[in-house]
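All values below come from the heavy atoms of this structure, side chains included, with hydrogens, waters and symmetry mates left out. A quick note: this is a predicted structure, and the numbers were derived from the prediction, not measured.
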Amino acid sequence: AITVGTVIVLLHSPPLGVMLEGGHPDWAAPYILTHLTQVVQPELCVFGHIHEGYGEIELKGTIYANVAYCDQYYDPVQPPKEWILADHND
């Protein structure tokens, strides 16, 4: 389980309902979006799998980022992503 206080969540597929452009709903991670937005509330949720969906959005305080750097032909065409998050050592 992903617990409260988790800052970064890594998934293979996007949460169902987030950045599925070019993909099929069966390729998404079902049920996790509600858990992430209502319980965990991480700063960053990173995933790939949907090659055409590269980019990021913010939803209820969480950055959702599709970092699939290859296009649908598996050519590496997207630049790497970088984020600076708050310091959680306090």
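Using a 3.5 Å distance cut-off with no hydrogens or angles, the side chains of W83 and E56 do pair a donor with an acceptor.
In this structure, Y64 and T37 have side chains that are in contact, with non-hydrogen atoms separated by less than 4.5 Å. With a 4.5 Å cut-off on side-chain heavy atoms, F47 and P15 count as touching. In this structure, V39 and V4 have side chains that are in contact, with non-hydrogen atoms separated by less than 4.5 Å. The side-chain heavy atoms of I8 and P42, taken from C-beta on, include no pair separated by under 4.5 Å. Proximity of D71 to E52: side-chain heavy atoms (C-beta onward) are nowhere separated by under 4.5 Å. Contact of the I32 side chain with the I2 side chain is registered, since non-hydrogen atoms from C-beta on lie closer than 4.5 Å.
Ring geometry for H51 versus Y74: interplanar angle over 60°, hence perpendicular rather than tilted (30 to 60°).
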Applying side-chain contact (heavy atoms from CB on, under 4.5 Å), run through E43 and T62 and close with a yes or a no. CA-CA 5 Å; E43 287 186 48; T62 297; over 6 Å; no
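The same ILVMFWY cluster, assembled from side-chain heavy atoms under 4.5 Å apart, contains both I63 and V67. In the hydrophobic clustering of ILVMFWY residues, with side-chain heavy atoms under 4.5 Å counting as a link, L11 and V40 come out together. In the hydrophobic cluster analysis, where Ile, Leu, Val, Met, Phe, Trp and Tyr join through side-chain heavy atoms closer than 4.5 angstrom, V46 is grouped apart from Y69.
In this structure, T3 and T6 approach most closely via the heavy-atom pair O-OG1, 2.7 Å. Between G48 and N66, the closest heavy-atom pair is CA-OD1, 3.6 Å. Taking every heavy atom of both residues into account, V18 and P14 meet most closely at O-CB, 3.3 Å.
At distances below 3.5 Å, at least one donor-acceptor pair connects side-chain atoms of Y54 with backbone N or O atoms of P79.
For the atom pair CG (D75) and SG (C70), the distance works out to 7.5 Å, reported to the nearest 0.5 Å.
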